[in-house]
Engineer: 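What follows is a structure written as structure tokens; I'll ask about it next.
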Amino acid sequence: MKRFIGFVKKEFMHIFRDFRTLIILFGIPAAQILIFGFAVRTDIKNAGIAVLDRSKDEISSGLISRLESSDFFILKQNLHSGNQIDSSFKAGDIKAVLIFEDDFGKRLLNEGSAHIEILADGSEPNVANLVTSYTRAIINDYMIEFNKARGSGAMVIEPEVKMYYNPNLQSQYMFVPGVITIILVLICALMTSVAITREKEFGTMEVLLVSPLKPIQIILGKVTPYFILSLIDVIVILFLSWLVFNIPIKGSLVLLMLESMLYILLGLSLGIMISTMSKTMQQAMFISLLGLMLPTIILSGFIFPVEYMPGIYKWLSLVIPPRWFITIVKDIMIKGTGFTFVWKETLILVFMTLVFITISTLKFKKRLE
Amino acid sequence: MRTILYLIRKEFIQIFRNKFLSRAIFGIPIVQMVILVPAVTFEIKNIELCVVDKDMSTESRQLISRLQGSEFFLLKHTTFSDKEADDMLHSDKCDLVLHIPQDFGRNLIREGNQKIMVLVNAINATSAQLAWAYMRGVLQDYNSELVVQNLHSTAPSRIPVIETTNRFWYNPSLNYKYYMLPGILVILVTAIGLLLAGLNVVREKEIGTIEQLNVTPIRKYQFITAKLIPFLIIGLIDLAFGLLIGKILFNIPFNGSIAILFLFASLYLIAALGLALFLSTLASTQQQYLFVVFFILMIFILMSGIFTPAESMPLWAQKFNLINPAAYFMRVIRMIMLKGSGFNDVLPDIRGIILIGIGTISLAIWRYRKTV
């Protein structure tokens, strides 16, 4: 045991000696939380639009100024003919064009209906969808007021909405659990796989193996410092998101930390598994960065909700560990639910960890023979 | 010139001698493109709905059947109990709860208005907003239908409505593959370029072979060029593979000029590889380099508008994107592929990426020391 502690100490010293890596280790999560919190948004704000107003009457200009005054849109261009649409889309400044038909206001008053066509740039489907539905909503609101002012529209359903768990619709509620999940698994897998293959590549692994330490002690010794560092990362992220974005932890902090430890263990054993499969550091880096980064970002439900994925991908996402941990973090942190709501996800993570460890031990033994 | 050619040959031999690496640089992108491109849709359909109907009138039933008929909603459950509905929301069994109060139908017709409560699970703010927008749409449609039904009995005047239709240009059916393929391609090409080029140099440092290069009469610019060109070629080949996969497998249109795209991609890769070489002069071990690249890659990617609209970001973030090469490539590849934008449309971006390229290459040459 004393030997083991000595070994862990040595590993710690190795890590702390490398100041640059250490800064980045804590810099990555902090920077990500700040970027996601302050910069990246999934909804639209200040999207450029253009208007082709063939009527130019009181009602159409009223509606246009209503659109302009919303936070969502900025009126970038007033087009004069349909030929200009393609070129202004191609220049890339605008996301949608609204076309008001001839005699828009007259038709609305005399015939009781008038027509607006919304053309959206489909090269960003998400934005196109949002722009279209926000425009519709603004037009509808405008009409309700318009009709009220004229004293018609006798009957109105007034829907009221309550946004549960996230009343101000902050996108950080989505991103904080996502960042914790992605960063932890990537950092853990990267660090351990690189640290272990490094010893292999430089031949120092053999030195360690002939020492009186058992292989399991060597691996544990390599992994322990990273376990502690990752745990500090979790605390940094949670603290920052509370301090800067006011995201409280509604559920039990202890439970959240325990779950995080489990997840870190999973990441570390994934890293060990990768290291048993790769001969050189470069190999380990390619597998754990290039191989893991995109699948975890895309399939975990971090940015794209899993529920709306096509059938096979829902199945595929079941084997992606971050997917389960994201659910756990959201449940505990944001919804404030207890263990009874997340035991299933927890069991799945335990199972996955065991699988990684089993595969690594099998591979590791073979290598020693 | 001949020195450079020899050095480039040396690099290629070294890369392709490494079995894992030579497979990974083409295999990983191809596999990930094939698997990940079709994964994403943000198409919100089948929003799971729970209705608390305390009214059970003709009107409330009409409204519910309206919702059932809409392609956006999937009626999961109907109940009388508020608590049951809350529990369903809590345990993720539904996304949205609609409360129809008692006397909904009667109040609506007699008093002309009636409040109705909608609860949305808003952890994902975007899908919550969309779900709410769809719900409002259905409610409004139903509302105007009711008005028409009761027209003869109450007000004689017609109520004006604005009809809206919409079309999506360049991608009429809002196929998400059109959007994801260029995005994933940019990430993969960037990641491979940054990793390969930088690790290559740092590895030479770590195992000491760089000193052998340093004592030869190779000049700085020759060294940098020789380290740049092989990875530029590999990046362009990866790009070509990706575009082919898009064309053959996913039938994604390519509306613009391939020549302009490859021209831009080359400029982009030069800028990115210059950055890689610069960073490699700062790191002394592969591990250090890896973490620096991981850090920078994440920031570049996430801020570039690959998965989220870049225009929604605050001004400072958009200013940052002026020095973010990935943001340029992201914009340009989508413009050229999907919209068929021409040379003049992307000219400002070409200027920007050339400036970045000059910056990173100069930094790399300046920092690279031939002395120990």
Side-chain angles (χ1 to χ4, degrees), chain A residues 20-21 24 28 39-45 90-92 108 112-120 122-123 125-128 132-133 136-137 139-140 143 152-166 169 171 173-174 194 281-283 285-286 290 294 298 303-304 308 313 334, chain B residues 20 24 28 32 36 39-42 112-113 115-127 132-133 139-140 143 147 154-155 157-171 174 176 179 191 199 286-288 290-291 295 307-309 312-313 317 334-335 338-339 341 345:
Chain A
R20 278 176 274 192
T21 307
I24 295 227
I28 291 176
V40 177
R41 309 169 56 109
T42 48
D43 59 346
I44 52 167
K45 202 184 176 186
K90 275 186 177 159
L108 190 66
S113 82
H115 184 248
I116 296 175
E117 182 165 29
I118 307 168
L119 295 181
S123 63
N126 233 356
V127 177
T132 315
S133 32
R136 283 225 170 104
I139 294 174
N140 278 334
M143 276 322 281
S152 53
M155 196 177 345
V156 188
I157 302 176
E158 285 173 33
E160 257 179 84
V161 72
K162 230 190 214 169
M163 294 293 178
Y164 250 58
Y165 312 118
N166 182 6
L169 293 176
S171 43
Y173 277 67
M174 182 71 181
V194 171
M281 261 191 283
Q282 285 199 357
Q283 212 167 326
M285 288 173 187
F286 266 82
L290 210 54
L294 270 179
I298 291 178
I303 298 181
F304 308 105
Y308 306 123
Y313 289 96
I334 295 167
Chain B
F20 171 80
I28 292 180
Q32 292 203 349
L36 295 178
V40 172
T41 58
F42 227 114
N113 67 46
K115 287 206 167 107
I116 189 167
M117 177 69 91
V118 180
L119 308 179
V120 189
N121 174 354
I123 293 183
N124 183 340
T126 314
S127 32
W132 166 228
L139 289 176
Q140 259 151 7
N143 196 86
V147 171
T154 54
S157 71
R158 262 212 282 182
I159 291 163
V161 276
I162 296 177
E163 280 156 19
T164 50
T165 48
N166 61 281
R167 267 192 296 158
F168 301 114
W169 277 35
Y170 311 115
N171 183 3
L174 283 192
Y176 270 76
Y179 170 71
L199 285 180
Q286 294 183 64
Q287 204 174 349
Q288 274 177 2
L290 179 76
F291 282 123
F295 183 62
F307 299 132
T308 53
S312 305
M313 297 196 298
R334 281 191 184 136
M335 280 169 80
L338 303 177
K339 297 193 212 171
S341 300
D345 295 316

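Computed from a predicted model, the values in this text were never measured in an experiment. Residue numbers start from 1 in every chain, and the chains themselves are labelled A, B, ... in the order their sequence lines are given, proteins ahead of strands. All values below were derived from every heavy atom in this structure, side-chain atoms included, with hydrogens, water molecules and symmetry-related copies excluded.
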Engineer: Can you measure from CG (A/L119) to OG1 (B/T165) and round to the nearest 0.5 angstrom?
Structural biologist: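 The distance works out to 8.0 Å.
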
Engineer: With a 4.5 Å cut-off on heavy-atom pairs, point out which of A/I118, A/I298, A/V194 contacts chain B the most.
Structural biologist: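 Top count of heavy-atom pairs under 4.5 Å with chain B: A/I118.
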
Engineer: Can you say whether A/V127 sits under 4.5 Å from chain B via the side chain, the backbone, both, or neither, judging by heavy atoms?
Structural biologist: side chain

Engineer: Can you say whether B/F291 sits under 4.5 Å from chain A via the side chain, the backbone, both, or neither, judging by heavy atoms?
Structural biologist: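 Both parts, heavy atoms under 4.5 Å.
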
Engineer: For the candidates A/L108, A/I139, A/T132, which exhibits the highest count of non-hydrogen atom pairs separated by less than 4.5 Å from chain B?
Structural biologist: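 Of A/L108, A/I139, A/T132, A/L108 has the most heavy-atom pairs under 4.5 Å with chain B.
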
Engineer: Is it the side chain or the backbone of B/I123 that comes within 4.5 Å of chain A heavy atoms, both, or neither?
Structural biologist: both

Engineer: Looking at every non-hydrogen atom in both residues, tell me the closest pair between A/G122 and B/F168 and how far apart they are.
Structural biologist: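 Looking at all heavy atoms of both residues, the shortest contact is CA-CB, 4.3 Å.
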
Engineer: What part of B/A39 is in contact with chain A, defined as an atom under 4.5 angstrom from a non-hydrogen atom: side chain, backbone, both or neither?
Structural biologist: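 It is both, since atoms from each part get that close.
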
Engineer: What part of B/Q32 lies closer than 4.5 angstrom to a heavy atom of chain A: side chain, backbone, both or neither?
Structural biologist: side chain

Engineer: Output yes when a side-chain donor or acceptor of B/S341 lies under 3.5 Å from a complementary backbone atom of A/K90, and no otherwise.
Structural biologist: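 Confirmed, B/S341 side chain pairs with A/K90 backbone.
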
Engineer: Quick one: what part of A/Y313 sits under 4.5 Å from any heavy atom of chain B, side chain, backbone, both or neither?
Structural biologist: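 For A/Y313, the contact with chain B is made by the side chain alone.
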
Engineer: Identify the two heavy atoms, one from A/P125 and one from B/N171, that lie closest to each other, and give their separation to 0.1 Å.
Structural biologist: CG-ND2, 4.0 Å

Engineer: In terms of heavy-atom proximity below 4.5 Å to chain A, should B/L139 be classed as side chain, backbone, both, or neither?
Structural biologist: both

Engineer: Between the main-chain N or O of B/R167 and the side-chain N or O of A/E117, is there a donor-acceptor pair closer than 3.5 Å?
Structural biologist: no

Engineer: Identify which part of B/M117 has an atom lying under 4.5 Å from any heavy atom of chain A, answering side chain, backbone, both or neither.
Structural biologist: both

Engineer: Quick one, B/F307 and A/N126 - any side-chain contact, counting heavy atoms below 4.5 Å?
Structural biologist: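 In short, these two side chains do not touch, never coming nearer than 4.5 Å.
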
Engineer: If I compare all heavy atoms of B/I28 with all of A/F286, which pair ends up nearest, and what's the gap?
Structural biologist: CD1-O, 4.2 Å

Engineer: To check you understand the geometry: which heavy-atom pair defines the closest contact between B/A122 and A/M163, and what is its length?
Structural biologist: CB-CB, 3.7 Å

Engineer: Specify the closest pair of heavy atoms between A/S123 and B/L338, including all atoms of both residues, with the distance to one decimal.
Structural biologist: CB-CD1, 3.4 Å

Engineer: With only heavy atoms counted, which part of B/Q140 is less than 4.5 Å from chain A, the side chain, the backbone, both or neither?
Structural biologist: side chain

Engineer: With a 4.5 angstrom heavy-atom cut-off, is it the side chain or the backbone of A/I334 that approaches chain B, or both, or neither?
Structural biologist: side chain

Engineer: Ignoring hydrogens and angles, state whether a donor on the side chain of B/T164 or A/R136 is under 3.5 Å from an acceptor on the partner side chain.
Structural biologist: yes

Engineer: Flag the one option from B/S312, B/A24, B/A191 with the top tally of heavy-atom pairs under 4.5 Å to chain A.
Structural biologist: B/S312

Engineer: Is there a side-chain contact between B/L199 and A/M285 (heavy atoms, below 4.5 Å)?
Structural biologist: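 A side-chain contact exists here, since the closest heavy-atom pair is under 4.5 Å.
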
